[in-house]
Undergrad: 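The structure follows.
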Amino acid sequence: MGQGLWRVARNQQLHQDFGDQCYLQRERGGRRVAPTQGEQLAMRRGAPHCQVPGSDISHLLRVRKGKEEQGFIDLEMLPPELSITILSYLNATDLCLASCVWQDLGNDEYLWQGLCKSTWGHCSIYNRRVPPGFSYRKLYMQLDEGSLTFNANPQEGISYFMSKGILVDHPQEIAKFIFYTRTLNWKMLRIYLDERRDVLDDLVTLHNFSNQFLPNALRDFFRHIHAPEERGEYLETLITKFSHRFCACNPTLVQELGLSPDAVYVLCYSLILLSIDLTSPHVKNKMSKREFIRNTRRAAQNISEDFVGHLYDNIYLIGHVAA
């Protein structure tokens, strides 16, 4: 906050100093006088011309009556639109501090609405008519409290959101909330999704893998739904759901390459194993491209050698698919 306001104050000071050096007609002793001969000479030599301040913003920025006003600008002196724009760059903590100085501006509903929707992209309450006395600042505090509760106990966190009317008890609404929220702990989220497979189904459906290369789509998938650290039934479920969703999003690619959900399932496991092999410092003898092609085509014979080779190149150049 300090740096943004300092720049505004600095620009104001430069504008004022620049204006004081202009050779326009000025008031001297209560009357207007023409430029002196020296000033006219300087103007002919290329001295900068200034415009007489005619806009309200320029006038407000140049109002200074004493030394106590030197430094930060009082945002209440600016047009509301400009003040709101400046404060919109603050996070919640800084905005609370700003409200101690500019109470009306710091509590503006527009600012707190933006903070809520930028952190929690989807909530059921966004699509309902807000009750009288509703406050986005209060909603932000409740969303933050619910997220902290979820990161300690997922079931209690979701129950908290429902008790406050923030979420509707429906798998699709919960899935959208998870998909558009980045403040939830991924370990707790994995526990919750393992217990709520109905929410997991809707969460997978929210992904769009159209025209994505298979390893990149798998990275995007594991960026939202983190893979477990060990192989097990939950990992197999994730890959199965991903394989069906990838084929549904790419029907043309499936037809051209002869892919199927089972073939994509095999390729995903091959990519995960290759990622571990190439990135792990404990593996001394790294798998070669020829070995990867040979091993993969044994399990998925219908996949072309060139396509499998491109898969290897992607992992070799970009890295782990589930990092």
Side-chain angles (χ1 to χ4, degrees), residues 175 178-179 182 184-194 197 200-323:
I178 294 173
F179 186 79
R182 297 293 178 266
L184 304 179
N185 182 273
W186 64 271
K187 291 184 178 180
M188 294 300 171
L189 183 58
R190 187 173 63 193
I191 295 175
Y192 180 78
L193 293 176
D194 194 15
R197 297 298 175 91
L200 178 61
D201 290 338
D202 287 317
L203 185 59
V204 173
T205 306
L206 292 174
H207 289 79
N208 184 11
F209 302 123
S210 299
N211 300 320
Q212 288 193 36
F213 193 37
L214 180 59
N216 298 333
L218 194 58
R219 288 189 187 93
D220 184 48
F221 180 73
F222 284 138
R223 191 176 296 116
H224 288 91
I225 308 175
H226 289 266
E229 298 175 356
E230 297 180 357
R231 180 176 177 177
E233 189 268 337
Y234 180 61
L235 178 60
E236 294 178 1
T237 300
L238 290 181
I239 297 179
T240 300
K241 294 182 181 299
F242 168 82
S243 302
H244 285 84
R245 182 59 182 168
F246 182 83
C247 291
C249 293
N250 297 278
T252 304
L253 181 66
V254 168
Q255 184 177 4
E256 291 178 353
L257 298 179
L259 294 176
S260 66
D262 292 338
V264 175
Y265 179 91
V266 172
L267 293 176
C268 288
Y269 260 113
S270 297
L271 291 172
I272 294 175
L273 295 176
L274 177 64
S275 299
I276 297 173
D277 184 274
L278 295 181
T279 60
S280 176
H282 304 291
V283 179
K284 302 302 181 181
N285 298 322
K286 305 297 184 181
M287 184 183 300
S288 66
K289 184 175 182 179
R290 181 177 298 178
E291 291 174 336
F292 176 74
I293 294 175
R294 183 179 64 250
N295 296 337
T296 303
R297 295 199 67 200
R298 286 177 181 175
Q301 299 178 358
N302 294 332
I303 308 301
S304 67
E305 182 175 336
D306 291 339
F307 182 76
V308 179
H310 291 322
L311 296 178
Y312 182 94
D313 294 337
N314 183 280
I315 303 300
Y316 184 83
L317 294 174
I318 299 179
H320 207 303
V321 293

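Below, all heavy atoms of this structure are taken into account, side chains as well, without hydrogens, waters or symmetry copies. All figures in this text were calculated on a predicted structure; none of them were measured in a lab. We're numbering straight along the sequence, starting at 1.
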Undergrad: Roughly how far apart are Ile303 CD1 and Thr296 OG1, rounded to 0.5 Å?
TA: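 These two atoms lie 10.0 Å from each other.
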Undergrad: Counting only N and O atoms by type, is there a donor-acceptor contact under 3.5 Å from the side chain of Asp202 to the main-chain atoms of Ala175?
TA: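 Between the backbone of Ala175 and the side chain of Asp202 there is no qualifying donor-acceptor contact (under 3.5 Å).
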Undergrad: About how many Å separate CG of Leu235 and CG of Leu238, when rounded to the nearest 0.5 Å?
TA: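 Nearest 0.5 Å value for the CG-CG distance: 6.5 Å.
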Undergrad: Between Cys247 and Val264, is there a side-chain heavy-atom distance shorter than 4.5 Å?
TA: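 When only atoms from C-beta onward are counted, Cys247 and Val264 do touch, with a gap below 4.5 Å.
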Undergrad: So, Ser304 versus Asp306: side-chain donor-acceptor pair below 3.5 Å or not?
TA: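 The criterion, which ignores hydrogens and geometry beyond distance, is not satisfied for Asp306 and Ser304.
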Undergrad: Asn295 side chain to Glu291 main-chain N or O, any donor-acceptor pair under 3.5 Å?
TA: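 Checking the backbone N and O of Glu291 against the side chain of Asn295, a donor-acceptor pair under 3.5 Å is found.
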Undergrad: Can you list every pair that meets ring-ring contact (aromatic ring centres under 6.0 Å, His included) and has a residue in residues 247-280, with sequence neighbours left out?
TA: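 Counting only pairs at least two positions apart or across chains, the ring-ring contact (aromatic ring centres under 6.0 Å, His included) contacts touching residues 247-280 are Tyr265-Tyr269.
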Undergrad: Centre-to-centre under 6.0 Å for Phe222 and Phe242, is that the case here?
TA: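 Ring centroids of Phe222 and Phe242 are no less than 6.0 Å from each other.
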Undergrad: With a 4.5 Å cut-off on side-chain heavy atoms, are Tyr192 and Leu184 touching?
TA: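 No; the side chains remain at least 4.5 Å from each other.
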Undergrad: Pick one: which of Ile293, Leu278, Leu271 meets side chain to side chain contact (heavy atoms under 4.5 Å, CB included) with Tyr312?
TA: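 Answer to the side chain to side chain contact (heavy atoms under 4.5 Å, CB included) test with Tyr312 among Ile293, Leu278, Leu271: Leu278.
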Undergrad: Is there a side-chain contact (heavy atoms from CB on, under 4.5 Å) between Leu218 and Phe246 once you walk through the steps?
TA: CA-CA 9 Å; Leu218 194 58; Phe246 182 83; over 6 Å; no
Undergrad: Above 12 or not: heavy atoms from other molecules or residues under 6.0 Å from CZ of Arg197?
TA: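 Enclosed.
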Undergrad: Atom NZ of residue position Lys187 - does it have more than 12 heavy atoms of other residues, nucleotides or ligands inside 6.0 Å?
TA: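 Open: at most 12 neighbouring heavy atoms sit under 6.0 Å from NZ of Lys187.
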Undergrad: To the closest 0.5 Å, what do you measure between CG (Asp201) and NE2 (His244)?
TA: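 Rounded to the nearest 0.5 Å, the CG-NE2 separation comes to 11.5 Å.
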Undergrad: Rounded to the nearest 0.5 Å, what separation is found between the NE2 atom of His320 and the CD1 atom of Ile272?
TA: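 Reported to 0.5 Å precision, the distance equals 7.5 Å.
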Undergrad: Which heavy atom in Met287 sits nearest to a heavy atom in Leu274, and how many Å separate them?
TA: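 Looking at all heavy atoms of both residues, the shortest contact is SD-CD1, 4.1 Å.
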Undergrad: Compare every heavy atom of Ser210 with every heavy atom of Cys249, then report the nearest pair and how far apart it is.
TA: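 The pair with the smallest heavy-atom distance is O-OG, 3.2 Å.
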Undergrad: For a 4.5 angstrom cut-off between non-hydrogen side-chain atoms, does Tyr316 reach Lys289?
TA: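 In short, these two side chains do not touch, never coming nearer than 4.5 Å.
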Undergrad: Looking at every non-hydrogen atom in both residues, tell me the closest pair between Gly258 and Asn302 and how far apart they are.
TA: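 Smallest interatomic distance, heavy atoms only, reads O-CB, 4.5 Å.
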Undergrad: If you measure from CG on Leu214 to CZ on Arg219, what distance do you get to the nearest 0.5 Å?
TA: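 Rounded to the nearest 0.5 Å, the CG-CZ separation comes out at 10.0 Å.
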Undergrad: Do Tyr234 and Arg190 have side-chain heavy atoms sitting under 4.5 Å apart?
TA: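 Result yes, sub-4.5 Å side-chain heavy-atom pair found.
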Undergrad: For residues Pro251 and Ala248, report the shortest heavy-atom separation together with the two atoms involved.
TA: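 So the minimum-distance heavy-atom pair works out to CD-O, 3.8 Å.
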Undergrad: With rounding to the nearest 0.5 Å, note down the distance linking CZ in Arg223 to CD1 in Ile225.
TA: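 Going from the CZ atom of Arg223 to the CD1 atom of Ile225 covers 12.5 Å.
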Undergrad: Under the side-chain contact (heavy atoms from CB on, under 4.5 Å) rule, what do Phe209 and Asn216 come out as? Steps first, then yes or no, please.
TA: CA-CA 9 Å; Phe209 302 123; Asn216 298 333; over 6 Å; no
Undergrad: If only side-chain N and O atoms count, and only distance matters, is there a donor-acceptor pair under 3.5 Å linking Glu233 with Thr237?
TA: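 Side chains of Thr237 and Glu233: pair found under 3.5 Å.
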Undergrad: Passes ring-ring contact (aromatic ring centres under 6.0 Å, His included), His207 versus Phe179? Steps please.
TA: CA-CA 9 Å; His207 289 79; Phe179 186 79; 5.1 Å; yes
Undergrad: Dump the intermediate steps for side-chain contact (heavy atoms from CB on, under 4.5 Å) on Arg182 and His224, then the final yes or no.
TA: CA-CA 9 Å; Arg182 297 293 178 266; His224 288 91; 3.0 Å; yes
Undergrad: If you compare all heavy atoms of Pro261 against all heavy atoms of Ser243, which two are closest, and at what distance to 0.1 Å?
TA: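 Minimum heavy-atom contact is O-CB, 3.4 Å.
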Undergrad: Could you give me the CA-CA distance, side-chain angles and deciding distance for His226 and Leu189, then say whether side-chain contact (heavy atoms from CB on, under 4.5 Å) is met?
TA: CA-CA 8 Å; His226 289 266; Leu189 183 58; 5.7 Å; no
